[in-house]
There are 2 protein chains.
Amino acid sequence: MVTIRDVAAKAGVSAATVSRIINGKGQATPETIARVHAVIKEMGYKPNVVARSLTSRQSNTIALLVPTISNPFFPELARGVEDSANSYGLNIFLCNTDDEREKVRNYLISLRDRYVDGVIVNSLNVTEEDLEELHSHGIPTVTLDRTFSSHKFSSIGVKHREGARLATSHLIDIGCKRIGIIRGPEDDSTAIQRLWGYRDCVKNFDWFDQSWIALGDFSVKSGYLCMKELFQRHPDIDGVYAANDLMAIGLLKAAHEWGRKVPDELAIVGFDGIDMTQYTNPPISTVKQPAYEMGRMAIEELLRLKKLDEHNWYAKKQELDVEFILRESSMR
Amino acid sequence: MVTIRDVAAKAGVSAATVSRIINGKGQATPETIARVHAVIKEMGYKPNVVARSLTSRQSNTIALLVPTISNPFFPELARGVEDSANSYGLNIFLCNTDDEREKVRNYLISLRDRYVDGVIVNSLNVTEEDLEELHSHGIPTVTLDRTFSSHKFSSIGVKHREGARLATSHLIDIGCKRIGIIRGPEDDSTAIQRLWGYRDCVKNFDWFDQSWIALGDFSVKSGYLCMKELFQRHPDIDGVYAANDLMAIGLLKAAHEWGRKVPDELAIVGFDGIDMTQYTNPPISTVKQPAYEMGRMAIEELLRLKKLDEHNWYAKKQELDVEFILRESSMR
DNA sequence: CTGAAAGCGCTTACAG
DNA sequence: CTGAAAGCGCTTACAG
């Protein structure tokens with residue numbers, strides 16, 4: 001392995017000078033710059049990233065915390081993160097937290113110790129103190145979406161409430177008279193916002209009460225079970241908004257089993273915009289989040305902060321638009 | 001931050017002694033061991049992982065190369081890898097290669113530079129020289145599945161050919177008279193083995209010839225397009241084996257559009273065992289690969305090698321069983 | 001059994 | 001503009 005001292009020796013300068021030239025710090029005559037670069041090229045020298053990390057306390061790595069990459073919403077986000085990171089020479093640590101506090105904590109400690117250059121958080125059970133601690137170590141963060149965003153650091157979200165309104169009002173527009181919701185977990189802020197959006201649209205109907213709300217956990221299975229529950233409580237239900245696509249897929253299955261024709265007898269809308277909704281039978285209308293784009297933006301935001309001096313950091317709160325996608329499951 | 005020297009000072013020994021005790025190397029009196037541990041605990045000392053990497057040339061990280069995490073087969077594999085890695089305190093670098101040589105190459109270089117402790121490869125365009133180079137740097141590898149496995153290093157695969165035979169012979173058993181295949185890419189060894197398995201079962205029928213084989217690329221869309229192609233060439237087709245589940249999902253859509261009842265007029269079997277096949281309408285029969293388990297095993301294999309001295313390394317070639325899962329798409 | 005010293009490969013004040 | 005020196009925090013021969 002060729003080291004900075006090898007280069008220095010061959011170029012007839014000191015290691016310090018080589019270092020400065022590589023990092024573009026300080027001054028140097030055009031001649032020595034040229035000479036050093038020539039030697040670097042000639043010897044195929046590449047700075048040792050680990051040694052660099054030790055002195056610079058940076059590592060050219062970024063961490064991505066997600067509940068689980070198995071939920072099809074996250075791979076697209078991860079691709080956005082990675083493709084963008086890649087273009088800046090950053091590598092990605094994938095961290096599945098299962099939304100569990102202990103896993104979150106362990107990862108955060110480990111990541112700090114590794115001098116990661118930033119962390120992108122999309123997980124429950126991350127606290128403001130966690131973020132503060134990372135920042136105090138010079139590690140910027142950006143929280144996405146599901147992570148609570150009422151903190152003082154950067155975050156990128158989407159308009160969940162508005163999206164839920166788009167979905168619900170669409171069901172009303174096509175003539176649904178009794179509209180239920182399969183909501184997400186109670187400790188998930190996006191689930192809450194989506195519930196609000198639904199409520200905004202139905203609260204003034206005289207048929208509406210709590211019994212039209214079924215509590216799911218964002219899994220296919222819970223969508224399936226919640227739909228059965230709604231059928232039993234309300235045989236006259238003719239429209240459902242599922243707070244995510246996986247549950248919409250599960251409820252579609254329940255509808256088939258229950259013998260309800262979709263969309264004629266039961267219209268369905270999901271949320272997220274995962275690929276699979278195109279391929280169910282019928283395809284499911286959904287509210288698409290720009291997952292890939294959010295991943296890209298998260299990297300950009302991290303790099304923006306990184307460039308600034310730590311004490312000049314200021315948070316940026318961004319909120320992206322969602323897009324309603326009409327498909328057969330709600331075409332009448 | 002508390003360093004090893006702080007601990008040494010407080011314990012009244014040298015840094016070298018603390019280092020030895022932490023790493024369980026060399027000798028030490030029970031008393032000094034106890035004292036050092038007490039001080040470590042008292043001060044909350046944790047060795048700096050980056051400094052450790054610099055001297056030890058290890059980093060407690062593992063890399064996972066996949067074509068793209070967006071293909072739903074890979075998240076489960078990734079979870080297997082990560083869950084297992086986690087239990088050993090290893091972090092995971094996620095590397096999406098898109099099966100492109102340039103990305104593969106860039107990642108491999110970068111990973112070597114980071115002193116990763118091992119790399120799990122499931123990607124095309126990785127060469128034997130690549131593996132050799134990693135090994136020559138003391139980095140063990142294990143290739144999974146799609147990566148060519150005719151090399152001299154460790155690999156874990158599944159019985160693709162046998163799986164394809166299970167799928168095809170099942171179609172024959174339920175009475176299909178004209179069975180097509182939507183195969184995978186020509187440069188993908190698993191696709192080839194799955195094609196062979198199909199051929200094993202149909203080659204002796206007099207109706208069989210090349211025209212029953214459609215060339216897909218493992219994407220939903222290609223499954224859809226290939227199915228249309230097969231319908232046009234062979235209106236009498238009554239069974240299809242898709243070499244992966246995504247293509248099976250696509251072909252199911254094509255069947256609906258073409259007005260063919262599944263399974264009565266067209267029976268379908270896929271391959272992989274991704275979750276989504278349970279939720280299509282009808283659910284799709286498939287040949288399940290133990291993706292999560294493969295991930296776990298890959299970590300175990302890497303650690304087995306890591307424990308050995310580099311010159312004592314010997315490869316292990318493992319091949320796992322697949323499991324046929326019967327669902328409505330092929331129930332007659 | 002333990003310590004002093006050198007080294008892993010870089011970076012960064014400090015001098016000049 | 002450039003170099004010598006110290007330092008990032010650990011590990012590992014080498015002595016004794």
Side-chain angles (χ1 to χ4, degrees), chain A residues 1-37 39-40 43-61 89 110 112-117 137-139 309, chain B residues 1-37 39-40 43-61 89 110 112-117 137-139 309:
Chain A
M1 175 178 234
V2 23
T3 73
I4 199 171
R5 291 191 219 278
D6 298 331
V7 173
K10 192 148 192 170
V13 295
S14 73
T17 299
V18 177
S19 174
R20 271 185 229 108
I21 287 173
I22 288 173
N23 297 299
K25 291 184 178 170
Q27 316 287 349
T29 18
E31 292 82 64
T32 76
I33 293 179
R35 187 150 33 93
V36 167
H37 276 135
V39 174
I40 286 174
M43 304 183 80
Y45 169 70
K46 275 179 31 181
N48 177 310
V49 291
V50 178
R52 257 186 171 170
S53 296
L54 188 59
T55 47
S56 67
R57 294 182 176 259
Q58 313 213 347
S59 59
N60 284 302
T61 60
S110 171
R112 166 166 60 59
D113 292 349
R114 289 191 186 285
Y115 298 152
V116 294
D117 294 325
H137 284 268
I139 300 172
D309 250 355
Chain B
M1 174 179 236
V2 23
T3 73
I4 198 170
R5 291 190 219 276
D6 299 330
V7 173
K10 190 149 196 171
V13 295
S14 72
T17 299
V18 177
S19 175
R20 272 184 229 109
I21 288 173
I22 288 173
N23 297 299
K25 290 186 179 171
Q27 316 288 348
T29 20
E31 293 82 63
T32 74
I33 292 179
R35 188 150 33 93
V36 167
H37 276 135
V39 173
I40 286 174
M43 306 183 79
Y45 169 70
K46 274 179 31 181
N48 178 309
V49 291
V50 178
R52 257 187 171 170
S53 295
L54 188 57
T55 47
S56 68
R57 293 181 177 260
Q58 313 212 347
S59 60
N60 283 302
T61 60
S110 171
R112 165 166 61 59
D113 291 349
R114 288 191 187 285
Y115 298 153
V116 295
D117 293 324
H137 283 268
I139 301 172
D309 250 354

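The structure presented is a predicted model; accordingly, all values stated were derived computationally and were not measured. Chain A is the first sequence line, chain B the second, and so forth, proteins listed ahead of strands; every chain is numbered from 1.
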What is the separation between atom [atom1] on [X] and atom [atom2] on [N], rounded to the nearest whole Å?
X	N	atom1	atom2	value
Ile21(A)	dT2(D)	CD1	P	7 Å
Gln27(B)	dC1(C)	CD	P	5 Å
Met1(B)	dG9(D)	CE	P	6 Å

Does [X] have any side chain to side chain donor-acceptor pair (under 3.5 Å) partners at least two apart in sequence or in another chain, and if so, which?
X	value
Arg114(B)	Asn91(A)
Asn60(A)	none
Tyr115(B)	Asn48(A), Arg57(B)

message: For a quick check of understanding: with a heavy-atom distance under 4.0 Å over all strands, which category does Val50(B) fall into, base, sugar-phosphate or nothing?
response: nothing
query: When all nucleic acid strands are considered with a 4.0 Å heavy-atom cut-off, which category describes Ser53(A): base, sugar-phosphate, or nothing?
result: nothing
Under 3.5 Å between N/O atoms: give me all the protein pairs with nucleotides 10-14 of chain D, atom names plus distance.
from, atom 1, to, atom 2, distance (Å)
dC10(D), OP1, Tyr45(B), OH, 2.6
dC10(D), OP1, Asn48(B), N, 2.9
dC10(D), OP2, Ile4(B), N, 2.4
dC10(D), O5', Tyr45(B), OH, 3.4
dC10(D), N4, Arg5(B), NH2, 2.5
dT11(D), OP1, Asn23(B), ND2, 3.2
dT11(D), OP1, Arg52(B), NE, 3.0
dT11(D), OP2, Ser19(B), OG, 2.7
dT11(D), OP2, Asn23(B), ND2, 3.3
dT11(D), O4', Thr55(B), OG1, 3.4
dT12(D), OP1, Lys25(B), NZ, 3.3
dT12(D), OP2, Lys25(B), NZ, 3.4
dA13(D), N6, Arg20(B), NH2, 3.3

Applying salt bridge (charged side-chain N to carboxylate O under 4.0 Å, His left out), can you list everything that pairs with [X], at least two apart in sequence or on another chain?
X	value
Asp113(B)	Lys46(A)
Arg112(A)	Glu133(A)
Lys25(B)	none

message: Please tell me if Thr32(A) has a side-chain N or O lying less than 4.0 Å from either OP1 or OP2 of dC1(D).
response: no
message: Pairs counted only when both distances fall under 3.5 Å, Watson-Crick or G-U: show me the 5' to 3' dot-bracket for DNA chain C, [ ] for pseudoknotted crossings and | for other-strand partners.
response: |||.||||||||.|||
message: Let me spell it out: for each of Leu54(B) and Gly12(B), pick the nucleotide of DNA chain C with the closest heavy atom. Which residue's pick is nearer the 5' end?
response: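 Final value for this comparison: Gly12(B).
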query: Residues in side-chain contact (heavy atoms from CB on, under 4.5 Å) with Thr17(A), at least two apart?
result: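 For Thr17(A) the side-chain contact (heavy atoms from CB on, under 4.5 Å) partners, ignoring immediate neighbours, are Val13(A), Ser14(A), Arg20(A), Ile21(A).
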- prompt: Does some side-chain heavy atom of Ile40(A) sit less than 4.5 Å from a side-chain heavy atom of Ile22(A)?
  reply: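 They are in side-chain contact.
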